[in-house]
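Below: one structure, written as structure tokens.
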Amino acid sequence: MPEPTALPAPARRIEFGGANLLRALAVLAVLYSHISFYLIDDLGTGWWLIDSVYTVCVEGLRLNQHLSFLGVAVFMMLTGLLLTASALRNPPGRFLVNRIGRLLPALWVAIAVAILLVKLGVNGMFSGQDGITTGQSLLSFVLGGFFLRPEVAVLGVTWTLVVQIVFYVYSVVTRPLLRAAPIAVPILGALLCSLVLLYNLYVPQPYSVPMLTKVAATLPAVFVGQIVYLAWSGAASWRWLAVAALAQAEVVALATDIRAYWAGDRYLWTITFVAIAVLLLARYDGPIARWTAVRWVGTRSYAIYLLHTLILYRAYDWSVGLFGKTGAVVVFLVVTGVASELLYRAVEVPAGRWVGALASRVGGPGPGARDESEVARRA
């Protein structure tokens with residue numbers, strides 16, 4: 001059994017000056033991934049930047065085609081890294097209100113825009129349907145469309161929020177264990193993920209929950225982030241840290257073997273690559289981490305993530321004839337930047353203040369909203 005925790009209560013504070021730099025890199029990877037998917041797989045064309053990235057990152061670094069999952073893995077690892085301490089410091093109710101509450105306002109606006117664009121015939125669905133019903137629309141506001149058969153996705157990227165919310169709930173349920181023997185939490189998480197993968201693999205189709213396969217295959221990236229935090233905080237010996245890391249690797253290997261992933265078989269290396277980047281950059285507080293552009297992209301990363309696929313396809317199609325491929329990509333980036341700034345200033349910032357004030361009144365005395373620092377605000 002893992003040794004007792006070395007963490008005091010509240011949990012030891014670690015500064016992550018490179019968090020916005022990692023978020024900015026993750027945003028670039030996600031944007032590139034969807035541009036590459038669209039131009040190569042959907043349109044059957046190419047682009048000079050895709051050729052260069054393929055040579056360096058796919059052939060050279062052996063990452064997934066289109067850099068699939070690279071940006072998502074960074075966001076997931078940051079979630080585990082930055083929010084483990086918050087789960088320890090804050091009462092469960094306060095933690096859940098603060099974390100889920102900060103996700104919802106911008107999500108609801110993005111879902112409403114996505115539904116409107118589908119209804120107007122501007123955009124299509126991210127699943128096989130031609131349109132979306134009223135009931136499906138309502139379910140989409142609580143991410144319920146991902147659990148329907150067949151899946152209904154009006155805004156496909158939001159599946160990652162299901163993973164994050166599952167981790168938030170898991171952190172609350174396992175909080176006593178996290179305080180007593182913290183390294184047991186990611187080990188137990190790996191076991192539960194393996195069981196979910198095996199359940200969906202072997203039970204008859206009517207009783208499986210396909211979305212949970214995607215969640216279970218993605219959570220190891222979150223747990224690796226948690227393991228990194230536990231290592232830096234001195235919460236476990238290197239032996240138990242190695243056991244926990246190997247447990248996550250086994251889940252990823254299982255998910256790869258049963259084809260739970262959707263874009264290749266290099267997920268274990270991708271997660272390992274991201275873990276190395278997090279170890280190198282998460283605590284970096286040098287000049288690059290303080291660049292205005294890095295801070296802007298890092299703080300708007302959630303808005304960019306929510307909105308970019310709603311803009312990409314039509315912005316590119318409508319402008320490529322006038323400006324060429326590079327010009328069309330620039331148009332897409334500019335429109336996404338403007339829309340993300342509006343969503344950030346008009347929704348995220350005021351809603352974040354309101355949610356933070358509400359959370360500070362939940363769960364009794366404690367460190368409160370100060371624990372939800374700018375660094376950890378949108379992991």
Side-chain angles (χ1 to χ4, degrees), residues 23 26-27 29-31 33-35 37-38 68-79 83 96 99-119 122-129 131-170 209-219 221-222 260-263 300-314 336 339-340 342-344 347-348 351-352 355 377-379:
R23 288 194 187 102
V27 165
V30 168
L31 293 176
S33 179
H34 287 123
I35 292 170
F37 266 116
Y38 185 52
S68 179
F69 196 69
L70 182 65
V72 170
V74 176
F75 284 125
M76 293 296 109
M77 216 165 286
L78 282 172
T79 295
L83 295 185
L96 288 177
R99 297 317 313 163
I100 298 177
R102 288 176 186 273
L103 293 177
L104 292 180
L107 169 66
W108 287 339
V109 171
I111 291 292
V113 171
I115 292 170
L116 178 62
L117 291 174
V118 169
K119 295 288 189 182
V122 176
N123 282 354
M125 296 287 290
F126 289 86
S127 48
Q129 300 80 14
I132 187 169
T133 67
T134 300
Q136 292 167 346
S137 298
L138 294 174
L139 277 176
S140 297
F141 284 99
V142 292
L143 305 175
F146 293 111
F147 295 91
L148 296 176
R149 286 176 175 272
E151 181 180 289
V152 175
V154 70
L155 183 53
V157 297
T158 56
W159 71 266
T160 61
L161 301 185
V162 178
V163 180
Q164 288 185 284
I165 292 171
V166 168
F167 178 73
Y168 300 157
V169 174
Y170 178 76
V209 186
M211 180 60 194
L212 291 183
T213 292
K214 187 178 283 191
V215 172
T218 305
L219 275 173
V222 185
Y261 294 120
W262 51 95
R300 277 74 172 171
S301 58
Y302 183 46
I304 295 170
Y305 192 78
L306 287 174
L307 296 179
H308 75 280
T309 55
L310 298 180
I311 298 168
L312 168 60
Y313 311 110
R314 298 293 78 78
T336 300
S340 300
L342 291 173
L343 183 63
Y344 175 76
V347 179
E348 277 196 82
V355 170
R377 194 167 59 82
R378 276 189 317 281

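Here, residue 1 is the first one in the sequence, and each next residue gets the next number.
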Return the [atom1] to [atom2] distance between [X] and [Y], rounded to the nearest 0.5 Å.
{"X": "Thr79", "Y": "Ile165", "atom1": "OG1", "atom2": "CD1", "value": "11.0 Å"}
{"X": "Thr336", "Y": "Leu307", "atom1": "OG1", "atom2": "CG", "value": "7.5 Å"}
{"X": "Leu103", "Y": "Thr158", "atom1": "CG", "atom2": "OG1", "value": "11.0 Å"}
{"X": "Leu312", "Y": "Leu31", "atom1": "CG", "atom2": "CG", "value": "8.5 Å"}

Side chains of [X] and [Y]: does their closest heavy-atom pair fall under 4.5 Å?
{"X": "Tyr168", "Y": "Leu83", "value": "yes"}
{"X": "Met211", "Y": "Val215", "value": "yes"}
{"X": "Trp262", "Y": "Ser68", "value": "yes"}
{"X": "Val222", "Y": "Met77", "value": "no"}
{"X": "Phe126", "Y": "Val157", "value": "no"}

Taking all atoms of both residues into account, what is the closest heavy-atom pair of [X] and [Y], and its distance?
{"X": "Ser301", "Y": "Arg23", "answer": "OG-CD, 3.4 Å"}
{"X": "Ser340", "Y": "Arg300", "answer": "O-CG, 4.4 Å"}
{"X": "Ala339", "Y": "Ile311", "answer": "CB-CD1, 3.9 Å"}
{"X": "Ala260", "Y": "Ala217", "answer": "CB-CB, 4.3 Å"}

- Please identify each residue that fulfils side-chain contact (heavy atoms from CB on, under 4.5 Å) with Val118, with sequence neighbours left out. Met125, Ile132, Val154

- Between Glu151 and Ser127, do the side chains contain an N or O donor and an N or O acceptor separated by less than 3.5 Å? no

- Task: Before giving the answer on side-chain contact (heavy atoms from CB on, under 4.5 Å), spell out for Arg99 and Gln164 the whole-Å C-alpha distance, their side-chain angles and the decisive distance to 0.1 Å.
- Result: CA-CA 9 Å; Arg99 297 317 313 163; Gln164 288 185 284; over 6 Å; no

Set of side-chain hydrogen bond (donor to acceptor under 3.5 Å, both in side chains) partners for [X], sequence neighbours left out:
{"X": "Thr133", "result": "Gln136"}
{"X": "Thr213", "result": "Asn200"}
{"X": "Tyr38", "result": "Asp317"}

Would you say [X]'s side chain and [Y]'s backbone share a donor-acceptor pair under 3.5 angstrom?
{"X": "Asn123", "Y": "Leu117", "result": "no"}
{"X": "Ser33", "Y": "Ala29", "result": "no"}
{"X": "Arg314", "Y": "Val122", "result": "yes"}

- Query: Can you name the residues that form a ring-ring contact (aromatic ring centres under 6.0 Å, His included) with Phe37, not counting sequence neighbours?
  - Reply: His66

- Note on the structure: For residues 303-312, the side chain to side chain donor-acceptor pair (under 3.5 Å) pairs (sequence neighbours left out) are His34-His308, Thr160-Tyr305

- Query: Of Leu104, Ile100, Leu107, which meets side chain to side chain contact (heavy atoms under 4.5 Å, CB included) against Leu161?
  - Reply: Leu107

Got a list of side-chain donor-acceptor pairs under 3.5 Å for residues 108-115, not counting sequence neighbours?
| from | atom 1 | to | atom 2 | distance (Å) |
| --- | --- | --- | --- | --- |
| Trp108 | NE1 | Phe141 | O | 2.9 |

- Message: Pair Thr218, Phe69 - check side-chain contact (heavy atoms from CB on, under 4.5 Å), show working.
- Response: CA-CA 9 Å; Thr218 305; Phe69 196 69; 4.0 Å; yes

Per-pair distances, 0.1 Å, donor-acceptor, side chain in residues 143-150, under 3.5 Å, sequence neighbours excluded:
| from | atom 1 | to | atom 2 | distance (Å) |
| --- | --- | --- | --- | --- |
| Arg149 | NH2 | Gln205 | O | 2.7 |
| Arg149 | NH2 | Ser208 | O | 2.5 |
| Arg149 | NH2 | Ser208 | OG | 2.8 |

